[in-house]
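Shown next, in structure tokens, is the structure this report addresses.
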Amino acid sequence: MKVLYSFITVIVLIIVASIGASIANLHYVFGIIIPYLAFIMFVGGFIYRVVKWGRSPVPFRIPTTIGQQKSLPWIKQNKIENPSSAFGVIVRMAMEVLLFRSLFRNTKTELREGQNGPELSYGSAKWLWLGSLFFHWSFLIIIVRHLRFFMDPVPFLVQAFESVDGILQIGLPAIYLTDVFILIAVTFLFCRRLVVPQVRYISLPADFFPLFMIMSIAGTGILMRYFFKVDLVAVKELAIGLATFQPVLPTDIGPMFFIHIFLVSILFAYFPMSKLMHMGGIFMSPTRNMMNNSRMVRHINPWNYDVEVHTYEHYEDEFRDKMKKAGLPVEKE
Amino acid sequence: MAPKVKLPKPGELSKIDFKTPATDWMDTPVEFKPGTYCWGAKEKDLLTLGLPNPRQWSPADEDWKIPEGWESTILDGIAERLSKYRSFKIFMDICVRCGACADKCHFYIATGDPKNMPVLRAELLRSVYKKYFTKSGKFLGRLAGARELNMDVLKEWWSYFFQCTECRRCSVFCPYGIDQAEVTIIGRELLNLVGLNIDWIAGPAAACYMKGNHLGLEPHAITGNIESMVDDIEDITGIRVNPTFNRKGAEIMFVTPSGDLLGEPGVYTCMGYLMMFHELGLDYTWSTYASEGGNFGFFTSNETAKRLNYKIYAEAKRLGVKYIIGGECGHMWRVLNQYMDTWHGPADFLEVPVSPITGTVFENAKSTKMIHISEFTADLIKHNKLNLDPTRNDHLKVTFHDSCNPSRGMGLLDEPREIIKAVCNNFYEMPENTIREKTFCCGSGSGLNASENMEQRMRGGFPRANAVKYVKEKHGVNMLANICAVDRAALPALMDYWNPGVGVTGVTELVANALVMKGEKERTTNLRFEDLPGKGGNE
């Protein structure tokens with residue numbers, strides 16, 4: 001059911017886009033107005049969310065320490081996963097963001113009946129890590145590749161990405177590795193959600209929706225590159241127009257393009273109000289981006305307030321006789 | 001009183017059903033099965049602490065006696081905490097439900113209940129957050145994973161936030177570092193706003209507030225207990241150690257969890273401290289006022305934790321000591337490492353800790369001025385300042401259980417290992433995925449070491465016990481060492497249940513057994529009055 005809701009939503013979006021694509025009068029809306037609105041919602045929403053997070057303080061220094069602390073000089077500290085320096089934190093964060101370090105640790109717990117009763121084992125489980133890594137890196141490279149539409153001349157880096165991505169030189173135009181990877185990876189992530197009972201149980205419609213959207217976006221992208229070709233010169237004209245805020249609407253781009261750009265727009269607009277914000281959130285996660293130095297440097301809580309306490313004087317007043325009998329020193333006789 | 005519950009046999013508990021329920025989690029009502037939950041907090045304890053809604057109540061009753069308008073109390077509480085804790089806000093917003101945390105939780109592994117997956121435990125609160133604090137939840141409702149706050153939800157929170165031991169293991173595996181401990185901490189704060197705590201937390205917290213320690217030991221009881229340990233030490237070693245209490249002008253104040261002052265095997269660890277400090281000639285004092293290192297307030301609310309923690313610095317200041325040494329305890333060290341200085345610092349009336357024996361400057365504690373006994377002891381051993389005879393521990397095959405908090409909220413991993421290796425000849429590590437930062441909880445942490453929830457404790461400790469079983473079968477391990485008072489209270493029952501024949505010890509007890517003291521008589525027994533191998537009087 002949860003899957004179906006998301007699936008139907010995406011189908012409806014595709015139908016809407018198809019209508020937009022087939023009615024020439026609507027091309028201005030679908031090609032220019034909606035992308036601009038989506039861009040504004042994305043950038044504005046992203047900033048809004050990050051600022052909202054940032055407005056709440058981090059009252060305590062709560063890194064999750066994943067290795068030996070800095071203590072005695074001859075005990076080897078894990079300087080990256082239990083960092084006590086800013087450099088350590090930067091490396092730790094880079095490993096999380098670029099390599100998904102924590103996901104790499106993943107294990108699969110299994111319970112089996114051994115000779116002497118139940119046995120728990122924790123086997124290596126790297127598929128989620130691998131799938132996610134391929135998915136995210138492909139996504140990033142695809143976005144970078146798309147910059148060629150928005151820039152003239154195309155920067156060297158973008159060209160380099162593109163030629164490496166198409167290195168197999170299969171087909172015409174050449175197949176991009178990332179297109180293949182992202183489709184495989186997103187399908188894997190989808191199947192995993194559907195097939196693994198625990199993951200299926202925790203999944204919400206909001207977990208399937210982005211997967212369907214990304215599948216559709218990648219799908220329409222591939223369709224228009226290889227099968228329902230669009231006029232690339234016209235696409236570039238439109239893209240550069242958008243990028244330079246002098247939008248022009250070339251004729252005869254091809255309907256598949258409008259479906260593609262509409263889905264992309266919806267995803268961008270949806271991004272800041274969804275779990276996709278993990279992209280921004282990971283940088284601000286206090287368990288990962290803080291040094292474990294709270295015994296070396298006092299961490300300040302901006303809302304630290306005085307609390308009611310039970311002072312020594314209260315204590316002695318209550319127990320003075322018992323203390324004296326036990327031979328304990330007292331402040332007041 | 002609730003009916004007496006029979007604890008199922010290990011064979012029954014280890015049959016775990018991982019099938020997900022037929023109904024969606026939002027439609028699966030919470031069950032209160034005797035043996036799996038704790039009693040409700042008592043009226044008198046909430047009155048002592050000045051916490052909201054003091055009354056007698058029982059989780060088994062239909063009516064939990066929650067005041068009218070509680071919904072807005074909770075929602076206002078959420079709003080306040082969103083503005084105070086970036087962690088809370090981010091953890092509510094960015095979970096993608098990838099499920100990497102699911103089978104990392106000892107309670108999920110041992111119950112198969114999907115609401116014990118950290119992701120879903122967080123979702124219990126996240127769903128309410130979405131409904132009232134996000135636009136998508138307001139408009140899309142259940143499609144966005146949002147739901148209304150009602151009494152069933154509140155009871156569900158109480159059930160599951162008191163089935164989390166705040167051990168942070170999930171946080172190690174989360175790609176964004178989402179820490180269920182943080183969510184549970186805030187969830188429990190919210191529950192406390194309407195008077196929903198458990199007896200095993202509120203009782204010790206109230207005792208600690210008034211009497212200085214969780215056990216409620218009054219000053220003469222503390223000195224009395226320690227005196228009887230001193231007698232035992234004299235019987236065993238022939239040496240009379242002379243601890244002092246509330247002594248002004250001592251160089252060091254020593255604070256340990258009160259669990260070390262009463263009950264086995266905690267007292268043996270305490271005897272270990274007494275013997276080692278005496279042997280070193282350390283100028284130190286105990287305090288009967290700051291007689292608790294642990295902090296059950298931490299399992300109640302930030303404010304309660306701060307109120308209990310106050311005594312440590314206040315007493316150090318009153319006594320005019322130079323710095324503080326802290327004993328073996330788990331959550332105590334999370335609080336001391338990550339909270340104390342922020343709450344009550346700067347401790348500018350203290351000095352940077354310097355070991356009077358080795359001259360080592362503890363730069364890592366230069367602001368809090370409080371060091372861990374294992375740091376102190378590891379330094380002594382490195383400098384050969386202790387005369388040790390590890391053969392006295394030769395009858396032991398030891399493994400080490402990393403306590404959750406020193407592992408994942410501090411990183412104290414190798415210090416205790418260095419000590420154990422110096423005082424024991426037979427040390428074996430449990431499997432890699434169950435130790436150090438990936439250690440499994442004893443199943444009784446964060447105030448859940450009551451007796452009425454024994455079934456749940458035995459379940460929660462199952463992954464830990466199973467790893468001990470592995471080294472027991474492989475190497476013949478018969479002693480589980482640790483640096484935590486809750487471990488020392490909880491693990492004996494866990495071992496008896498899953499791995500009979502495995503004992504539990506504090507690390508400092510092992511040290512004291514190996515410690516050759518100046519002028520001691522030939523020891524024939526260890527601190528437990530058990531015959532030493534080859535030296536027994538009865539052989």
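To find a chain, count down the sequence lines: A is the first, B the second, and so on, and within it residues start at 1.
Residues A/Y315 and B/P219 are in side-chain contact: their nearest non-hydrogen atoms beyond the backbone lie under 4.5 Å apart. By the 4.5 Å heavy-atom criterion applied to side chains, A/T287 and B/F91 are counted as neighbours. Side chains of B/E363 and A/M296 form no contact here, defined as non-hydrogen atoms less than 4.5 Å apart. Within the 4.5 Å cutoff, the side chain of B/D93 has heavy atoms near those of the A/W53 side chain. Annotation: side chain of A/L72 is not in contact with side chain of B/E418 (no heavy-atom distance under 4.5 Å). When side chains are defined from C-beta on, A/F319 counts as touching B/K211, because their heavy atoms get closer than 4.5 Å. Side-chain contact between A/Q198 and B/Y108 is present, with heavy atoms from C-beta onward closer than 4.5 Å. Proximity of A/V307 to B/Y310: side-chain heavy atoms (C-beta onward) are nowhere separated by under 4.5 Å.
For the set B/E473, B/R307, B/K366, the count of heavy-atom pairs under 4.5 angstrom toward chain A peaks at B/R307. Counting heavy-atom pairs closer than 4.5 Å to chain A, the top-ranked of the candidates B/K469, B/K135, B/K15, B/E123 is B/K469. In terms of heavy-atom pairs under 4.5 Å with chain A, the best-connected choice from B/A144, B/G99, B/S407, B/A314 is B/S407. Comparing B/L308, B/I222, B/I90 by heavy-atom pairs within less than 4.5 Å of chain A, the highest count is held by B/I90. Of all the listed residues (B/W343, B/F18, B/Y176, B/F462), the one sharing the greatest number of non-hydrogen pairs under 4.5 Å with chain A is B/Y176.
Heavy-atom distances place no part of B/K115 under 4.5 Å from chain A, backbone and side chain included. Neither the backbone nor the side chain of A/N78 has a heavy atom closer than 4.5 Å to any heavy atom of chain B. In this structure, chain A has a heavy atom under 4.5 Å from the side chain of B/M117, while its backbone stays farther away. B/K84 touches chain A through backbone and side chain together, each having a heavy atom under 4.5 Å away. The part of A/R288 that comes within reach of chain B is its side chain, from C-beta onward, which places non-hydrogen atoms under 4.5 angstrom from that chain. The contact between A/M284 and chain B is made by backbone and side chain atoms together, counting heavy-atom distances below 4.5 Å. Proximity to chain B is absent for every atom of A/E113, based on heavy atoms less than 4.5 angstrom apart. In this structure, the portion of B/N466 lying under 4.5 Å from any heavy atom of chain A is its side chain and not its backbone. If you measure heavy-atom distances from B/T223 to chain A, the contacts under 4.5 Å come from the side chain alone.
From B/E315, atom CD reaches atom OG1 of A/T311 across 11.0 Å, with rounding to the nearest 0.5 Å. Taking CG of A/N106 as the start and SG of B/C174 as the end, the distance is 11.0 Å to the nearest 0.5 Å. In this structure, CG in B/N337 is found 9.5 Å from CG in A/N293, a value given to the nearest 0.5 Å. Once rounded to the nearest 0.5 Å, the distance linking CG of A/D321 with NE2 of B/H220 reads 11.5 Å. To the nearest 0.5 Å, atom SG of residue B/C98 and atom CZ of residue A/R193 are 7.5 Å apart.
A perpendicular orientation is assigned to the rings of B/H383 and A/W74, their planes being inclined by more than 60° (bins at 30° and 60°).
Judged as a salt bridge (charged side-chain N to carboxylate O under 4.0 Å, His left out), and not counting sequence neighbours, the contacts of A/R295 are B/E375. Applying the ring pair (Phe, Tyr, Trp, His ring centres under 6.0 Å) rule to A/F7 yields the partners A/F212; only residues at least two apart in sequence or on another chain are considered. Under the rule for a side chain to side chain contact (heavy atoms under 4.5 Å, CB included), the partners of A/R101 that lie at least two apart in sequence or sit in another chain are A/E81, A/M95, A/E96, A/F104, A/R105.
Along residues 56-65 of chain A, the residues that come nearer than 4.5 angstrom to chain B, judged on non-hydrogen atoms, are A/S56, A/P57, A/V58, A/P59, A/F60, A/R61, A/I62, A/P63, A/T64, A/T65 in order of number.
Side-chain polar atoms of A/Y305 and B/E303 form a donor-acceptor pair below 3.5 angstrom.
With A/Y312 as the aromatic partner, B/K317 does not meet the cation-pi criteria of under 6.0 angstrom to the ring centre and within 45 degrees of the ring axis.
Using a distance-only test at 3.5 Å, with no hydrogens or angles considered, a donor-acceptor pair links the side chain of B/R86 to the main chain of A/G54. Between the side chain of A/K322 and the backbone N or O of B/A221 there is no donor-acceptor pair closer than 3.5 Å. Under the 3.5 Å distance criterion, the side-chain polar atoms of B/N433 are matched with a main-chain donor or acceptor of A/Y122. Checking side-chain atoms of A/R298 against main-chain N and O of B/D341 turns up a donor-acceptor pair under 3.5 Å. In terms of modelled atom types and a separation under 3.5 Å, the side chain of B/N246 and the main chain of A/L328 share no donor-acceptor contact.
A salt bridge links A/E331 to B/K248: one of the charged nitrogens lies within less than 4.0 Å of a carboxylate oxygen.
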